[in-house]
Amino acid sequence: MPFDPLPSVPDHPALEREMLEFWDNERIFERLREQNAGGPTFSFIDGPITANKRMGVHHMWGRTLKDVFQRYKAQRGFDQRYQNGYDCQGLWVEVGVERELGLNSKAEIEGYGLDRFARKCREKVAWSAEAITEQSRRLGMWMSWDSDYFTFSDTNIEYIWRFLKAVHEKGWLVRGQRSTEWCPRCGTSISQHELIGSYRDQADPSITVRFPLNDAPGEAILVWTTTPWTLPANVTAAVSLDADYGCLAGGDWVAVERYPNERFETRVKGRELVGSTYTGPYDHLPAASGVEHRIIPWDEVSLEDGTGIVHIAPGCGSEDFELSVAHDLPVLQPVDEAGRFYDSFGWLHGLSTAEARDRIISDLDERGLLVHAGEIQHRYPFCWRCETPLIFRISTDWFIQVEEIRPKLRAANDDVLWVPDHFGKRMDDWLVNMGDWNISRKRFFGLPLPFYPCSCGHLTVIGSLAELRGKATAGLEQLEELHRPWVDNVTIRCDGCGDDVRRITEVGDVWLDAGIVPLSTLGWRNDEWVDAGNGTGAAEGLTNAPLPDHAHWERWFPADWVSEMREQIRLWFHSIAFMSMALVDRLPYRAILSYEKLLDEEGCEMHGSLGNAIDADDAFERMGADVMRWMYCAQPPSQNLRFGYGPAEEVKRKLLTLWNSVSFFVTYARIEGFEPRLSDLETGPADAELRPLDRWLLARMQEFIDEATESYDLYLTVGVARSLDVLVSDLSNWYIRRSRRRFWEESDEAAFRTLWYSLVQAVRAVAPIMPFLADHLWRNLAGRAIDGAPDSVFLAGWPEPADVLRDEQLLADVAVSRRAAELGRSARQASAIRLRQPLRRLVVAAGDPAVRSSVERSVEELRGELNVKEVAIVETPAEVTELRVQAKLDVVGPRLGKELPALRELLAAGDFELAGGVLRAGPHELAPGEYLLQYVGRGGWSAAHDGDLVVAVATEISDELALEGRALDVIHEIQRMRRDAGLELTDRIEIAYGIDDGLDRVFAAHGKRIANETLAVKVAPGTGERLVIQKAPSR
RNA sequence: GGGCGAUUAGCUCAGUCGGUUAGAGCGCCGCUCUGAUAAGGCGGAGGUCCCUGGUUCGAGUCCAGGAUCGCCCA
């Protein structure tokens, strides 16, 4: 018996675990790779996933897409790398460790010890990588799990050093200042991507403060601020050049527009205030004592809030800082890395910004400078790690200048295939606007920037471990790996003066770590292949990833395709583009698939705190990986995905139809002992005695495979999902439904072979999306059923379409007759006569002979389905409808132009003649093909139409028909009684009927039929009730 | 402030080159099958295609302006 019976419903999780074990035991993935080795290459480069936690269902979307296309390309015979990667250092990793250790500041980390801290970070990464690997395997991802790359390997770090040295040689490396969001607790700046989603509502003071003007005694400008602690750092005030400013009665200057109810003694344009000097609120403290406060112009001054005059503290805001650069203003930095005032701020020394706030307000009040104090609710950023409100600080950092590379990146981006395509524009927008790349972070467990600035003015940038060894003057003996603290202890000889020089303590931006991957993992400019050569430094023992040689790089660079979530446009997609362009003058990718956000089924973001997050392991158990994968793949990537158990049920029902179809096949194939042939997969059952319906399904299969292939090639899984939906419905509701008897009564070889072929091809084509279900079904239908068949669907290649099975005409014909059946049902429904009532005549009219002949083939279907005595197929529906004519607008429109509306009126009014195929209406003549004939129903008919395809039923019911209708009602009634009585399908019954209500006439005319349909062995008039049945005594 | 999207049925979304009557799934209502049955099938109701203007014989579709929502940048 070749096939195994299917349970009535698939148990996805159980089936998936079974397949995982099978793949493992039979080394399916390894065999697939061996099979494809040496074939054409498809290069995919995996963006590293941060190894600091287990994955959630939002990670699985991207992991699924990666796996889908690698599996698809493998089925197409492409040789591939399957290297997974982990992001292993930087803030994201430090955070979890810091939390676990209960550390709460940089000082505490230093107290704990950088070496122990680094070891803890590595442990965290190792733990997370293992968890992610296990979850990914459960999802069905096929990767070479023993050769993952880890961005904290010494090899990866060396490659970044090489990049930084090259950047320095190009003259792009600079040290500079910038104003940045800063967490006073963590003691570091917060990068833009870390700010995502970190804004909350917060109440802050809203105060208006007076700055006295120096040259106009008694007069002052008013400024507004929500951050009183920044006032000691005030340097200037900004006005809008063209706005009107006025002086209030008390001598205070404000923007007129902001005070519509006030009267102003004097009014001037903002430009006239520019250059005036004023006394700052804290000029008496040492820090601000030497500052001359001169009013400046700024076109960003808001007239929507505040006073229209803006307090500028370059040490406390990014726009403020930029203004200080533009206007050459001094910068006062009020607080240190921990957010406490410097001693040059007198009595404020040592206070935090929160502590200083109220004291400053009351101090201003006492000194008569406070005009108004209130409170405001607004959005304010918080540290995503520790919930501390962020402040702005000036920080000295290292930058890579981008002006030279910007145009190259933009030009190259034009040639990238972006899916969805508008993401390409977003990349361009980013490239146009990106500022110099800030690469330094004042933290611990990260890429050690190899910068050794010397007091002689020379900057030495180390490009490799060998170079470091060569120039080292001390500390090599303790250098365990290229991380702090060990690397900090290595001093080198300055290239400029020969003195000993130390590394700066900063570490690198994580996007350097990830950005070098297309070079570091592929062995760019590496002379000799080194086994496990990427498992160095912190990565030693975690992976066997090799360091390949340059020839390998030539073979696999650039990637044909990469895929990550949308945020990566300005992160990973950008950093790999930047670093590759800088080093090898090319982009590292040809095509990119990116996708939007994953939300819960209500459309809300998933958050642990909201309780709506779905645990991945929970999802595996409750819906199964295939169902999850289907949801990810059925989603247009340009839109947010609503993910949840509700939608999962819908998907399960959908998949159940495919499952039921296979189950139906298997049930009868077992009964009839059907033996499938592998060779049918090449050409289909072309040599069998095929009926039109078989040929139709076979033609549909070619069309489906074409559609699926095209969608995969465009990197759009949603197209595959949609095509499969339609196919499954065709296969189950049209083919199987109409062919059932051929399977259980006729044992029709052609039907079995056609259905087997179609099910197997469908399973193969969706295998990349649902690998478990697909391989499970393949094993049952082919892998185990046929000697010599590939063990796994993934070893069976791609279901190539067979041209001999294509039949466009047949597809069109069937579409027409299905449409006719649909119209017939619609016409019946519109007649308001119940379907069980037989009607005399159904008329199908179509002008096109091809349409008529294809409807001819489904006459039986129409007769049975619509319960009519006869079906007529005619050219014009004159019998049932009146004629109407419509112009073909797309043909006639361009010819007639403005006269078209008049023509349409004539046609609508029936004011036309039709002779010899030519239509005359008023002054116009329409040739055949320029108009369409249309019909409306006559009395006694109920009609429905689609274009000139008209279907109508006669609504008149003769006595004879009425009697038959009653007979069918009786059958229905008895069937219901059988079921209510709990009878088996095969139980025989006896019927007794009452003679009133005309039932005697019904049984007289149709008794035999009623008995037949209801398995009645005895039918006789009874004594009382109108219908009584009882189970017949068994013989 | 600049940029990129989106706005179509109760919900989630399709809608090709501008063409006559704008579709699907889910939900709802009704009908139906009982040899795929923990199912299945059919039909129906339900629409100001965000608004305004323009181009055109004709606009859900193209153009301009606006509104709202989301995202990116400043």
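Note on naming: letters A, B, ... go to the chains in the order of the sequence lines (proteins, then strands), and numbering restarts at 1 for each one.
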Considering just the side-chain nitrogens and oxygens of [X], establish if one lies under 4.0 Å of OP1 or OP2 belonging to [N].
X: Asn433(A); N: A74(B); answer: no
X: His972(A); N: C33(B); answer: yes
X: Lys425(A); N: G3(B); answer: no
X: Arg722(A); N: A24(B); answer: no
X: Gln837(A); N: C31(B); answer: no

Output field: ring centroids [X]/[Y] closer than 6.0 Å:
X: Phe3(A); Y: Phe665(A); result: yes
X: Phe674(A); Y: Trp756(A); result: no
X: Phe743(A); Y: Phe664(A); result: yes

Test for a donor-acceptor pair under 3.5 Å between the base of C71(B) and the side chain of Arg426(A), counting only N and O atoms. yes
Which nucleotide in [options] has an atom nearest any side-chain atom of [X]:
X: Asn660(A); options: A36(B), C72(B), C4(B); result: A36(B)
X: Gln639(A); options: C13(B), G40(B), C57(B); result: C13(B)
X: Leu900(A); options: C13(B), G41(B), G19(B); result: G19(B)
X: Arg836(A); options: A39(B), U32(B), C73(B); result: U32(B)
X: Glu822(A); options: G43(B), A38(B), G70(B); result: G43(B)

Which nucleotide, in any strand shown, forms a Watson-Crick or G-U wobble pair with [N], with both distances under 3.5 Å?
N: G46(B); result: none
N: C4(B); result: G70(B)
N: A64(B); result: U52(B)
N: C31(B); result: G41(B)
N: C57(B); result: G19(B)

Ring geometry between Phe643(A) and Tyr632(A) (parallel below 30°, tilted from 30 to 60°, perpendicular above 60°): parallel
Rounded interatomic separation in angstrom, taking [atom1] from [X] and [atom2] from [N]:
X: Glu650(A); N: G27(B); atom1: CD; atom2: P; value: 7 Å
X: Glu596(A); N: U12(B); atom1: CD; atom2: P; value: 16 Å
X: Ile569(A); N: G5(B); atom1: CD1; atom2: P; value: 12 Å
X: Lys898(A); N: G58(B); atom1: NZ; atom2: C1'; value: 11 Å
X: Met434(A); N: C72(B); atom1: CE; atom2: C1'; value: 15 Å
X: Glu649(A); N: U12(B); atom1: CD; atom2: P; value: 20 Å
X: Leu656(A); N: U37(B); atom1: CG; atom2: P; value: 10 Å
X: Arg642(A); N: U12(B); atom1: CZ; atom2: P; value: 5 Å

If you find the nucleotide of RNA chain B closest to Arg566(A) and the one closest to Lys654(A), which residue's nucleotide is nearer the 5' end? Lys654(A)
When you match Arg825(A) and Glu899(A) each to their closest nucleotide on RNA chain B, which lands nearer the 5' end?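 Whichever sits nearer the 5' end wins; that is Arg825(A).
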Give Ser661(A) one of three labels, base, sugar-phosphate or nothing, depending on what nucleic acid heavy atoms sit under 4.0 Å from its own. base
May I ask you to say what Pro647(A) touches in the nucleic acid, namely base, sugar-phosphate or nothing, with a heavy-atom cut-off under 4.0 Å?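 Pro647(A): no heavy atom of the nucleic acid under 4.0 Å.
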Side chain to side chain, Leu15(A) and Leu773(A), heavy atoms closer than 4.5 Å: yes
Taking the side chain as everything from C-beta on, heavy atoms only, tell me whether Val718(A) gets closer than 4.5 Å to Gln635(A).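 Of all side-chain heavy-atom pairs linking Gln635(A) with Val718(A), none is under 4.5 Å.
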Closest non-hydrogen atom pair, Phe704(A) against Val766(A):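 Closest heavy-atom pair between Phe704(A) and Val766(A): CZ-CG1, 4.4 Å.
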